[in-house]
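A quick write-up on the structure given underneath.
Order of the sequence lines sets the chain letters (A, B, ...), proteins ahead of strands, with each chain counted from 1. The structure displayed is predicted, hence computed values, not measured ones. Values below: every heavy atom of this structure, side chains too, minus hydrogens, waters and symmetry copies.
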Amino acid sequence: MYIGYPCVNYTIKRSTNNTFKLSSYSHQKVRETVQKNIDHFWDILKFNLRYDIKFFRLGSQFIPFASHDIFDFNWQDEFRDQLEELGEFIREQEFFITMHPGQYVVLNSKNQDVIRRSIRELEWHADLLDLMKIEGLIQIHIGGIFDNKAEAINRFINSYNSLPYKVRRRLAIENDDRLYNFEDVLKIARSTGAHIVFDVYHDRINPSNYSLQEILDILKDNLIIDYSSGDDRGRHADTIDVHDFLQFYRNVEEYNPKIMFEIKDKEKSVLTAKDLIKTK
DNA sequence: TGAAGTCAAGGCGCG
DNA sequence: CGCGCCTTGACTTCA
């Protein structure tokens, strides 16, 4: 059972999302910030190893401004050796790593330039995972509706098919809390071959006709879940809701899922959950 | 050293 | 039609 947390570890005060403002961009600034992210990533992985936490989401600012037009730093050559070393450790210890670029990646935009920049963003994510020589998924949402959902879905599929293979092979799509529910995502995944990440909390706020049991049976051995509880407005919980988690866990445990905690206190809730499971 | 102001980006929905 | 929301709140400047 893989349970993990995203980007940051508050216990040891380490983040894979150190960044800077665009106005202070320089090669030196990129160099020292990426180095910091690498160093912090090592510390987080060592923490995770100690506590047997095998799942982690790498921050999307790991290489700050990597897809921006002004970016002209050859980070691949500069950090190749260090990234290979990291990757070796990740493979040896069988960590599972995902990434989740944010709301600015919109593959079904009507604006070609937005799509172009989205693809550039996805490409550096893929390059990073490739340089580490690890498996690992890049999860995104479908995007907007733009007054016509069928057309928006078609645009997504067209963009998906135009992606370079290095991105396509790692791309996972996830149901969101307002526009594209699990049923939408499943249809798109079936016609593209994209991986799926299932967000249980979004599904609670924006459900489809599929029951949780049906969803689990469809995804079964490829079950990657974003888990959170929270209020009905979609705000992620500050800390784990023990009752909610145990109920959820009893439903999914037989599927051997990978569960990413989208809970604000991060590793703390993961450790609580692991204790709960152990003493259950 | 702490507080205030600012930060690359898209799209939706509320008021 | 402007603004807040999404998120990991964090960087930078100014006292």
Sugar-phosphate, base or nothing in reach of Gly144(A), heavy atoms under 4.0 Å: sugar-phosphate

Under 4.0 angstrom between Ser23(A) side-chain N/O and dC7(B) OP1 or OP2: no

List the atom pairs, with distances to 0.1 Å, where a side-chain N or O of residues 93-102 of chain A and a protein N or O form a donor-acceptor pair under 3.5 Å, not counting sequence neighbours.
unit_1: His100(A); atom_1: ND1; unit_2: Gln139(A); atom_2: O; d: 2.9
unit_1: His100(A); atom_1: NE2; unit_2: Glu174(A); atom_2: OE1; d: 3.3

Paired stretches of DNA chain C - 3 or more consecutive Watson-Crick or G-U pairs, each distance under 3.5 Å: B:1-7 with C:9-15, B:10-15 with C:1-6

Test salt bridge (charged side-chain N to carboxylate O under 4.0 Å, His left out) applied to Asp147(A) and Lys110(A), step by step: CA-CA 11 Å; Asp147(A) 298 326; Lys110(A) 285 184 164 179; 5.6 Å; no

Cation-pi check, Lys54(A) onto Tyr2(A) ring (under 6.0 Å, within 45° of axis): no

Phosphate contact (dC11(C) OP1 or OP2) by Tyr25(A) side-chain N/O below 4.0 Å: no

Touch class at under 4.0 angstrom, heavy-atom based, for Phe146(A) against every strand present: sugar-phosphate

Per Gln103(A) side chain, nearest of listed nucleotides dC6(C), dC12(B), dA9(B): dC6(C)

Salt-bridge criterion met for Asp52(A) and Lys274(A) (N-O under 4.0 Å): yes

Distance, rounded to the nearest Å, where Ile63(A) contributes CD1 and dA8(B) contributes P: 18 Å

Contact under 4.0 Å: Ser109(A) side-chain N or O vs dG11(B) OP1/OP2: yes

Short side-chain N/O contact from Lys29(A) to OP1 or OP2 of dT12(C), under 4.0 Å: yes

Verdict with reasoning, Lys36(A) to Asp39(A), per salt bridge (charged side-chain N to carboxylate O under 4.0 Å, His left out): CA-CA 5 Å; Lys36(A) 191 170 175 184; Asp39(A) 293 343; over 6 Å; no

Of the listed nucleotides dG10(B), dG13(B), dT12(C), the one nearest the side chain of Phe20(A): dT12(C)

Presence of Arg120(A) side-chain N/O under 4.0 Å of dA9(B) phosphate oxygens OP1/OP2: no

Sugar-phosphate only, base, or nothing, as touched by Ser24(A) at under 4.0 Å among non-hydrogen atoms: sugar-phosphate

Parallel, tilted or perpendicular, as decided by the 30° and 60° cut-offs, for the rings of Trp42(A) and Phe89(A): tilted

Ile140(A) CD1 to dG10(B) P, straight-line distance once rounded to whole Å: 16 Å

